[in-house]
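Input: a single structure, listed below in structure tokens.
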Amino acid sequence: MAQGYAVFIGLVIIVALCVASWFLAPKGQNQVLWRSSLILSIVSCYLMWAITFLAQLHPLIEPKRNDLREEYLGH
């Protein structure tokens, strides 16, 4: 089963990737463009994954079974 600490492990990996992209960006006239593009895309992918992961970890709507008979529902 998935745990909530996976988000923090992913965050550490993302920070490492951002630092690596900062130092390993090609030198030249477009270095700032490379850095910002890489870091923005890495962070955007992480945010999309984290939001989707956390939404599935703690859903707002609880699924309800409708194939149970009334006497087993416990209401």
Side-chain angles (χ1 to χ4, degrees):
M1 196 71 188
Q3 300 296 323
Y5 60 82
V7 175
F8 297 112
I9 293 172
L11 183 63
V12 170
I13 293 170
I14 292 304
V15 168
L17 286 173
C18 287
V19 169
S21 67
W22 179 269
F23 290 110
L24 299 176
K27 307 290 187 250
Q29 187 177 4
N30 294 327
Q31 185 177 18
V32 174
L33 180 66
W34 271 96
R35 282 180 178 169
S36 58
S37 297
L38 287 171
I39 291 173
L40 282 173
S41 63
I42 290 169
V43 170
S44 297
C45 287
Y46 170 73
L47 284 175
M48 190 64 192
W49 172 80
I51 290 169
T52 305
F53 182 81
L54 290 174
Q56 293 177 10
L57 190 61
H58 297 289
L60 295 176
I61 301 171
E62 183 178 323
K64 295 183 175 142
R65 291 181 60 177
N66 59 359
D67 61 338
L68 295 176
R69 289 182 274 172
E70 263 320 300
E71 59 266 11
Y72 294 113
L73 290 177
H75 291 22

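Tyr5 and Phe53 fall within a single hydrophobic cluster, where Ile, Leu, Val, Met, Phe, Trp and Tyr side chains are chained together by heavy-atom contacts under 4.5 Å. The hydrophobic cluster containing Ile13 also contains Leu54, counting ILVMFWY residues as joined when their side-chain heavy atoms lie under 4.5 angstrom apart, directly or transitively. With hydrophobic clusters built from ILVMFWY side chains whose heavy atoms lie under 4.5 angstrom apart, Val7 shares a cluster with Leu11.
Aromatic ring pairs are classed by plane angle as parallel below 30°, tilted from 30° to 60° and perpendicular above 60°; the pair Tyr46 and Trp49 is tilted.
In this structure, Leu57 CG and Thr52 OG1 are separated by 12.5 Å, a value rounded to the nearest 0.5 Å.
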Without placing hydrogens or testing angles, list every side-chain donor-acceptor pair under 3.5 Å for residues 14-26, not counting sequence neighbours.
residue : atom : partner : partner atom : Å
Ser21   : OG   : Leu17   : O            : 3.3
Ser21   : OG   : Cys18   : O            : 2.8

